[in-house]
A.B. asks: 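Below is the structure I would like to discuss, written out as structure tokens.
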Number of protein chains: 2
Amino acid sequence: MEREDTLPLLGEVFREFGFEGASLSIIHKQTGIGRGSLYHFFPSGKEEMAAAVLSNIDAWFGREVFKPLAESAEPEVAIDQMFTSVDAYFRSGKRICLVGAFALSDTRDRFAVALSTYFRRWLDALAAALCRVGFAPDRACSLAEEVVTGIQGAIILTRTQQDSVFFERSIERLRAATRIEKT
Amino acid sequence: MEREDTLPLLGEVFREFGFEGASLSIIHKQTGIGRGSLYHFFPSGKEEMAAAVLSNIDAWFGREVFKPLAESAEPEVAIDQMFTSVDAYFRSGKRICLVGAFALSDTRDRFAVALSTYFRRWLDALAAALCRVGFAPDRACSLAEEVVTGIQGAIILTRTQQDSVFFERSIERLRAATRIEKT
DNA sequence: AATGAATTGTACCAATTGGTACAAATCCGG
DNA sequence: CCGGATTTGTACCAATTGGTACAATTCATT
């Protein structure tokens with residue numbers, strides 16, 4: 001096993017137990033990765049692990065979501081695809097957003113830059129795509145915020161109610177809201 | 001100091017450090033409450049403290065938000081007032097929602113009932129008020145979900161961007177969305 | 001097969017954890 | 001001012017924490 005392979009495993013452990021809660025013994029129990037390997041790949045410890053996981057997540061969203069939004073010749077298709085990708089990634093709200101979870105935890109300060117960048121890139125890419133689709137710049141920004149906050153909130157509600165219908169309804173409502181009325 | 005007085009203090013510590021992160025020594029450092037008092041008021045330990053804090057929060061929302069929504073003779077006023085109360089309570093997104101934070105942490109299972117109840121009551125009270133104002137039942141439910149998820153997401157975004165403009169804009173957008181168009 | 005590098009398991013460390021026990025202090029009604 | 005009950009500080013406990021050291025293993029390359 002090499003460094004890159006550990007990131008998805010570590011990510012799931014951090015999702016389930018949080019940064020503090022993911023003790024080395026829990027990480028080992030859940031992933032099979034031992035202390036030796038962990039400190040070989042991440043010499044400065046847990047903080048480096050979580051930072052690498054966040055960076056890995058950021059790269060995934062960049063590739064699968066932000067880049068298509070920015071570069072697709074058909075922005076309306078990229079936006080629609082974004083909702084589908086997000087629904088799959090978060091498993092209809094059953095899988096939490098690690099960035100959002102860290103934002104509400106005491107680890108926020110530690111990873112402040114990564115958390116801020118993730119959402120900043122998402123807002124900017126989506127607002128730009130909405131502009132290209134024909135929304136006025138102000139409306140595009142506002143809509144982008146509505147979508148990003150709506151998704152994060154939907155994950156929370158789905159979690160507390162243990163019912164992914166809340167996530168799915170939110171996604172469809174936001175998807176519809178981003179479709180511009182053809183006049 | 002008596003039990004009731006400790007709840008707001010404990011609440012703030014749990015907000016800042018999370019359930020696991022709020023160690024007894026941190027609680028003592030932040031609140032001045034010592035082990036002796038804590039285990040006198042909460043004999044079964046941290047879990048009882050957090051449960052009491054959640055119940056205290058639930059009572060506050062019941063009194064200040066849910067009850068007015070359900071009982072006010074002018075539901076549109078109660079809805080409008082809800083946004084103002086919520087903005088003050090969450091300090092425009094600078095203060096997190098402990099229920100939402102617990103929902104994304106590994107303590108979710110422990111307090112599952114309290115977390116579920118809090119949001120269930122909020123959704124139901126708001127949807128009922130929206131019905132009374134004239135929205136169709138389906139539309140009222142959907143709007144209530146939009147408001148509750150929007151608020152939770154707005155707290156996350158405000159936290160990561162360290163800018164309460166995201167919370168304030170969300171509140172105003174949601175407030176406007178709940179005003180029915182007079183025909 | 002030999003070699004050097006990358007990977008991994010294990011024993012160990014000081015510090016901190018949640019929790020207990022209990023004596024001292026404080027409070028309040030008579 | 002007295003006396004019982006409530007409240008609090010402190011010393012202590014076993015268990016767990018993140019991290020280190022290092023020898024043993026595994027791996028690719030020749």
Side-chain angles (χ1 to χ4, degrees), chain A residues 1-56 98 101-102 104-112 114-115, chain B residues 1-56 98 101-102 104-112 114-115:
Chain A
M1 171 148 352
E2 49 194 88
R3 198 183 124 114
E4 196 73 9
D5 303 326
T6 69
L7 299 179
L9 300 175
L10 291 175
E12 293 311 313
V13 178
F14 285 132
R15 266 179 239 274
E16 189 171 346
F17 298 94
F19 179 73
E20 322 258 12
S23 71
L24 295 179
S25 70
I26 285 182
I27 292 176
H28 174 66
K29 227 170 288 173
Q30 298 278 315
T31 68
I33 312 172
R35 278 169 145 73
S37 306
L38 283 174
Y39 278 86
H40 174 67
F41 295 133
F42 311 97
S44 52
K46 268 178 76 177
E47 186 157 341
E48 191 178 354
M49 298 175 208
V53 167
L54 285 175
S55 154
N56 189 52
L98 192 60
F102 277 11
L104 294 185
S105 81
D106 61 322
T107 58
R108 181 196 63 159
D109 294 341
R110 233 190 282 245
F111 305 113
L115 307 189
Chain B
M1 171 148 353
E2 51 193 87
R3 199 185 124 113
E4 197 73 11
D5 303 326
T6 68
L7 299 179
L9 301 174
L10 292 176
E12 294 310 314
V13 178
F14 285 133
R15 267 180 239 273
E16 190 172 345
F17 297 94
F19 179 73
E20 321 258 13
S23 71
L24 295 178
S25 70
I26 284 183
I27 292 175
H28 174 66
K29 226 170 288 170
Q30 299 278 314
T31 67
I33 311 172
R35 277 171 146 70
S37 305
L38 284 174
Y39 279 85
H40 174 67
F41 295 133
F42 311 97
S44 52
K46 269 179 74 177
E47 186 157 341
E48 191 177 355
M49 299 175 207
V53 167
L54 285 175
S55 154
N56 190 53
L98 192 60
F102 276 12
L104 294 186
S105 81
D106 61 321
T107 58
R108 181 196 61 159
D109 293 341
R110 233 191 284 245
F111 305 113
L115 308 188

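So you know, we letter chains A, B, ... as the sequences are listed, proteins then strands, and number each from 1.
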A.B. asks: To the nearest angstrom, how far is I33(B) atom CD1 from dT8(D) atom P?
C.D. replies: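 It is 8 Å, rounded to the nearest whole Å.
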
A.B. asks: Expressed in angstrom and rounded to an integer, what is the separation of I26(B) atom CD1 from dG18(C) atom P?
C.D. replies: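 Whole-Å distance recorded here is 8 Å.
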
A.B. asks: Using 30° and 60° as the class limits, which term best fits the ring planes of F102(B) and F111(B): parallel, tilted or perpendicular?
C.D. replies: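 Rings of F102(B) and F111(B): parallel, as their planes differ by under 30°.
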
A.B. asks: Within less than 4.0 Å of OP1 or OP2 of dT16(D), is there a side-chain N or O belonging to S23(A)?
C.D. replies: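 Negative; the distance criterion is not met.
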
A.B. asks: Nearest-Å distance, CG (L24(A)) to P (dT20(D))?
C.D. replies: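 It works out to 11 Å between those atoms.
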
A.B. asks: Without decimals, in angstroms, what is the distance between F42(A) CZ and dT20(D) P?
C.D. replies: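 These atoms are roughly 15 Å apart.
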
A.B. asks: In whole angstrom, give the distance that lies between atom CG of L38(B) and atom P of dT10(D).
C.D. replies: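 Distance check: L38(B) CG to dT10(D) P gives 14 Å.
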
A.B. asks: Does the pair E20(B) and F17(A) meet the rule for a side chain to side chain contact (heavy atoms under 4.5 Å, CB included), with working shown?
C.D. replies: CA-CA 10 Å; E20(B) 321 258 13; F17(A) 298 94; over 6 Å; no

A.B. asks: Mind calculating the distance between CG (D5(A)) and C1' (dA6(C)) to the nearest angstrom?
C.D. replies: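 So the two atoms are 14 Å apart, to the nearest Å.
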
A.B. asks: Nearest-Å distance, CZ (F41(A)) to P (dG18(D))?
C.D. replies: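 Computing the F41(A):CZ to dG18(D):P distance gives 19 Å.
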
A.B. asks: Quick one: does L24(B)'s side chain get under 4.5 Å of M49(B)'s, heavy atoms only?
C.D. replies: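 Counting from C-beta outward, L24(B) and M49(B) do come under 4.5 Å.
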
A.B. asks: Could you check G21(A) against P43(A) and say which one's nearest nucleotide on DNA chain D is further toward the 5' end?
C.D. replies: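 Nearer the 5' end of the strand: G21(A).
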
A.B. asks: Where each residue is assigned the nucleotide of DNA chain D containing its nearest heavy atom, which of E20(A) and G36(A) is assigned the position nearer the 5′ end?
C.D. replies: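 Counting from the 5' end, the first nearest nucleotide belongs to E20(A).
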
A.B. asks: Taking NE2 from H40(A) and P from dC27(D), how many angstroms apart are they, rounded to a whole number?
C.D. replies: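 Rounding to the nearest Å, NE2 of H40(A) and P of dC27(D) are 14 Å apart.
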
A.B. asks: Would you kindly check whether a donor in the side chain of R35(B) faces an acceptor in the base of dG18(C), or vice versa, at under 3.5 angstrom?
C.D. replies: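 It does, because a donor-acceptor pair links the side chain of R35(B) to the base of dG18(C) below 3.5 Å.
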
A.B. asks: Taking five pairs at each end, how big is the angle between the two axes of the helix from dA1(C)-dT30(D) to dG30(C)-dC1(D), to 10°?
C.D. replies: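 Axis angle across the helix from dA1(C)-dT30(D) to dG30(C)-dC1(D), nearest 10°: 30°.
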
A.B. asks: Which of the following nucleotides, dG19(C), dG19(D), dT8(D), is nearest to the side chain of K46(A)?
C.D. replies: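 The nucleotide sitting nearest to the side chain is dG19(D).
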
A.B. asks: Contact class for Y39(A) (heavy atom, under 4.0 Å): base, sugar-phosphate, or nothing?
C.D. replies: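 Result for Y39(A) = base.
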
